[in-house]
Amino acid sequence: MDAKEIIARRVAREIRPGMLVNLGIGLPSLVANYVPGDSGVYFQAENGVIGLGARPPEGMAEPNLTDAGGGFVTAVPGAASIDSAMSFGLIRGGHLDMTVLGGLQVDARGYLANWTVPGRMVPGMGGAMDLVVGARRVVVAMLHTAKGECKIVPECTLPLTAERRVSLIVTELAVIEPTEAGLVLRERGPGISVDEIRAATEAPLHVAGDVPEMELGA
Amino acid sequence: MDAKEIIARRVAREIRPGMLVNLGIGLPSLVANYVPGDSGVYFQAENGVIGLGARPPEGMAEPNLTDAGGGFVTAVPGAASIDSAMSFGLIRGGHLDMTVLGGLQVDARGYLANWTVPGRMVPGMGGAMDLVVGARRVVVAMLHTAKGECKIVPECTLPLTAERRVSLIVTELAVIEPTEAGLVLRERGPGISVDEIRAATEAPLHVAGDVPEMELGA
Amino acid sequence: MKTAIRPEVAAEMIGEGSTLLVGGFMGVGSPLRLIEAIRNRGTGGLTIVCNDLCTPDRAVGTLVVSGQVRRAIVSHIGLNPVAQKKMMAGEMEIELVPQGTLVERIRAGGYGLGGVLTATGLGTPVEEGKQVVEVDGRRYLLERPIRGDFALLASHHADYAGNLAYVLTAHNFNPIMALAATTVIAEAEHIVPVGMIPPDAVKTPGVLVDHLLGRA
Amino acid sequence: MKTAIRPEVAAEMIGEGSTLLVGGFMGVGSPLRLIEAIRNRGTGGLTIVCNDLCTPDRAVGTLVVSGQVRRAIVSHIGLNPVAQKKMMAGEMEIELVPQGTLVERIRAGGYGLGGVLTATGLGTPVEEGKQVVEVDGRRYLLERPIRGDFALLASHHADYAGNLAYVLTAHNFNPIMALAATTVIAEAEHIVPVGMIPPDAVKTPGVLVDHLLGRA
């Protein structure tokens with residue numbers, strides 16, 4: 001199982017039946033693959049649909065039904081079309097149960113930076129800032145390191161996405177919960193020891209008692 | 001022709017083809033009777049319809065289609081249902097070409113009071129404040145006097161509906177335009193002299209040149 | 001999937017002193033069976049947020065007559081003389097709000113906005129006690145968001161996913177209130193299977209609705 | 001009643017330096033024929049307000065490549081490397097706005113509100129230079145309304161009264177932009193006779209639309 005699959009499988013277990021969930025582009029979008037089809041979960045795409053379905057079969061794409069990345073999708077029975085105002089009303093008004101987003105850095109305060117590397121990558125924040133401010137739970141799904149550098153740092157050096165403490169960080173090495181008191185190590189990746197996680201993490205980690213290994217489902 | 005018909009007929013002549021117009025309850029609602037059916041005017045009711053039509057024939061009322069007074073109405077072809085947010089977005093965003101409202105008092109500044117007599121009549125402002133603030137043109141349609149007291153006064157003694165100068169005052173005696181310089185008498189009622197209007201009006205009136213008699217149409 | 005419940009079961013959820021956002025304009029688009037159940041149960045001390053207090057014999061007007069309403073936030077009470085009398089007598093607290101401001105305040109509550117900046121009410125009694133904010137040299141009243149414990153909605157169609165579709169002037173405050181309460185209960189004229197309401201006809205997505213009232 | 005006009009006639013109305021609100025999300029729900037006509041005409045110095053700058057070969061992205069855009073107010077430019085390059089080189093001014101804030105700012109412009117109070121952007125570069133307003137002990141950014149000289153919309157259906165109906169994810173910014181510009185031009189996939197779009201399916205009332213583009 002590769003690192004991304006570990007992360008996607010573990011994040012999927014955070015999703016409860018009936019939730020309204022927004023998945024970011026890239027790694028977070030893989031999470032949908034591990035959510036049971038009969039769970040009554042509704043996926044929202046911020047461009048305006050609740051009840052996002054799978055990619056359409058070859059030749060059956062509808063040009064007016066895409067996800068936030070612009071890719072063709074389908075919709076489940078009971079789906080709803082919404083305009084951008086309603087879409088972000090749902091996000092900002094606390095109606096979105098969970099968002100899963102990628103990260104460039106998360107710091108000891110639980111603050112996320114995930115939208116820009118000044119001078120190098122300035123794509124715009126899209127809906128990321130709204131999602132982090134407004135979603136009930138913000139789960140960061142990311143690799144533990146990028147180009148050898150740890151992404152979990154004492155304090156973000158990149159511009160923040162929001163001043164909000166995210167709910168959970170899931171990497172291939174660890175599940176970490178940001179709390180008032182700092183980052184708490186909750187689970188270990190498959191076959192990874194607490195010491196290995198500490199060694200790979202720049203930010204201080206609190207460890208209380210036994211740290212179980214992630215459960216990743218069937 | 002009674003006083004109310006004079007007023008309604010004169011106000012109707014302010015309405016141009018293709019306008020979006022909101023008529024208040026009572027006297028203002030009579031104006032619709034004198035707007036040609038083929039004028040392409042759309043009437044808005046603030047409870048949520050654009051393209052308000054006449055009262056339905058006996059036995060053909062639809063309980064979910066009423067005007068802002070709660071009376072059954074019909075809708076013209078090309079009508080649109082809107083929710084209250086859009087309805088007041090149209091009003092407050094300057095999309096309503098004209099509103100015709102009743103008045104308790106209008107003063108020399110052109111300010112309108114039309115929603116409350118403290119201690120005696122406190123029905124609530126409904127949409128009146130929004131209409132006066134937001135409509136492009138605000139036409140006040142009212143009798144010149146009430147219980148022997150002139151309704152056009154130096155300064156409103158009743159609470160204002162808005163700080164905005166209304167566009168035009170139409171009574172059975174006169175058409176008066178509030179301007180930066182004060183109230184200007186534009187037209188006389190049928191068979192009424194300038195002196196009679198002055199005598200009946202508490203607020204100072206500017207009169208420049210000849211004042212024509214109202215045209216009331218066929 | 002929502003399970004349809006009986007009106008009296010819905011009424012039991014609503015505790016004394018709750019704040020209720022109630023859809024409808026002079027009773028059109030109001031959840032009449034739900035309101036009747038609340039009146040039958042007699043729950044008191046309610047705060048009602050609604051466009052108006054209707055007439056004494058209809059919709060939220062009946063809750064005023066029965067003495068269950070402690071406070072109302074509305075734009076109009078002109079056709080409910082009982083409400084006017086109770087207000088004058090100090091038996092009921094009534095906050096009168098311009099209609100456009102009322103719907104925007106509820107929207108702000110539901111959309112996570114900090115408030116509404118509006119010119120409506122400036123220079124009138126509505127301005128009293130409120131913060132005035134200047135933007136680009138123009139003055140605006142800062143009006144606070146409104147949220148409720150419950151939103152009680154009426155729609156024409158619902159499906160069992162909770163999606164709602166409204167008709168004609170029965171939309172009014174319903175689609176806005178759907179976002180502004182902790183618990184949302186919807187009463188539909190017709191409930192249809194999931195998939196029967198086209199996505200483009202849905203005006204309140206089912207994810208916002210907690211409970212549906214079963215057919216009459 | 002609206003008279004349908006040709007795209008090149010619509011493009012002639014748009015002067016140098018105009019501010020255009022353009023519907024669409026990555027080109028979905030964008031008025032493609034209208035944009036093509038503007039590109040063919042070559043009108044320069046434009047300010048584009050849109051969710052994104054699409055890709056260099058599509059929708060508003062093409063106007064960036066042709067050098068007609070002086071300034072853009074958008075939430076995302078990540079898939080238009082030409083725009084990124086021009087921004088870095090200082091050839092184009094780009095204001096990046098959080099998507100939810102962008103749509104609310106346009107709505108405020110169209111709905112006559114003084115601004116938007118939002119927590120989005122606090123503690124980030126978005127906060128720079130902006131007024132912070134405190135409401136009930138919580139801080140909000142005051143974001144200014146946005147209006148355009150023209151709104152360029154795309155819809156699925158239109159009737160000759162100007163009523164518009166959208167489908168699926170092609171709604172996006174269109175219904176909001178319809179209120180926020182001096183002149184509104186709509187390009188529909190299908191134009192139908194008045195009365196063919198049911199009142200409840202209309203999402204942009206025809207009174208807001210000034211011109212319709214004729215069929216392709």
Side-chain angles (χ1 to χ4, degrees), chain C residues 29 98-101 103-105 107-122 127 129-147 155-157 164-172 174-176 179 189 197-205, chain D residues 29 98-101 103-105 107-122 127 129-147 155-157 164-172 174-176 179 189 197-205:
Chain C
Q99 206 167 118
T101 297
V103 69
E104 285 294 322
R105 289 179 63 189
R107 184 180 183 275
Y111 278 61
L113 301 171
V116 180
L117 296 173
T118 178
T120 299
L122 280 173
E127 181 172 341
K130 286 178 191 147
Q131 192 175 338
V132 173
V133 175
E134 202 165 301
V135 185
D136 292 331
R138 295 187 61 176
R139 297 165 66 241
Y140 297 94
L141 281 188
L142 171 53
E143 295 274 9
R144 286 189 156 60
I146 294 176
R147 286 188 59 85
S155 74
H156 194 68
H157 280 106
L164 306 182
Y166 310 93
V167 289
L168 299 166
T169 53
H171 286 69
N172 55 66
N174 285 294
I176 309 300
L179 284 85
E189 291 183 40
I197 306 179
D200 298 328
V202 173
K203 295 202 181 159
T204 297
Chain D
Q99 207 167 118
T101 297
V103 69
E104 285 295 322
R105 288 179 64 188
R107 184 179 183 274
Y111 278 60
L113 301 171
V116 180
L117 296 174
T118 178
T120 299
L122 281 174
E127 181 172 341
K130 287 180 191 145
Q131 193 175 337
V132 173
V133 175
E134 201 165 302
V135 184
D136 293 331
R138 295 186 62 175
R139 296 165 66 241
Y140 297 93
L141 281 188
L142 196 167
E143 295 274 9
R144 287 188 156 62
I146 295 176
R147 285 189 59 86
S155 74
H156 194 68
H157 281 104
L164 307 182
Y166 310 93
V167 289
L168 300 166
T169 53
H171 286 68
N172 54 68
N174 286 293
I176 308 300
L179 284 85
E189 290 183 41
I197 306 179
D200 298 328
V202 173
K203 295 201 181 160
T204 296

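Treat the numbers as computed from the prediction; the structure is a model and nothing was measured.
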query: E134(D) versus chain C, heavy atoms under 4.5 Å apart: side chain, backbone, both or neither?
result: backbone
query: Among V133(D), L142(D), T118(D), which has the most heavy-atom pairs under 4.5 Å with chain C?
result: L142(D)
message: Taking every non-hydrogen pair under 4.5 Å, which of G100(D), G115(D), P198(D) racks up the most with chain C?
response: G115(D)
task: Measure distances from Y111(C) to the heavy atoms of chain D and classify the residue's part below 4.5 Å as side chain, backbone, both or neither.
output: side chain
task: Side chain from CB out, backbone as N, CA, C, O: work out which of these in H156(C) comes under 4.5 Å of a heavy atom of chain D, or both, or neither.
output: neither
query: Roughly how far, to the nearest 0.5 Å, is CG of L117(C) from CG of L117(D)?
result: 4.5 Å
task: Check each atom of Q131(C) against the heavy atoms of chain D and say whether the ones under 4.5 Å are side chain, backbone, both or neither.
output: side chain
query: If you tally heavy-atom pairs under 4.5 Å against chain C, which of R107(D), K203(D), R138(D) wins?
result: R107(D)
- request: Name the region of R139(C), side chain, backbone, both or neither, that has any atom closer than 4.5 Å to a heavy atom of chain D.
  value: neither
statement: Nearest heavy-atom approach of D200(C) to H171(D) is OD1-CE1, 3.5 Å
- prompt: Between G114(C) and V135(D), which heavy-atom pair has the shortest distance, and what is it?
  reply: O-CG1, 3.5 Å
field: Residue part contacting chain D, namely of L141(C), when any heavy atom lies under 4.5 Å
entry: neither
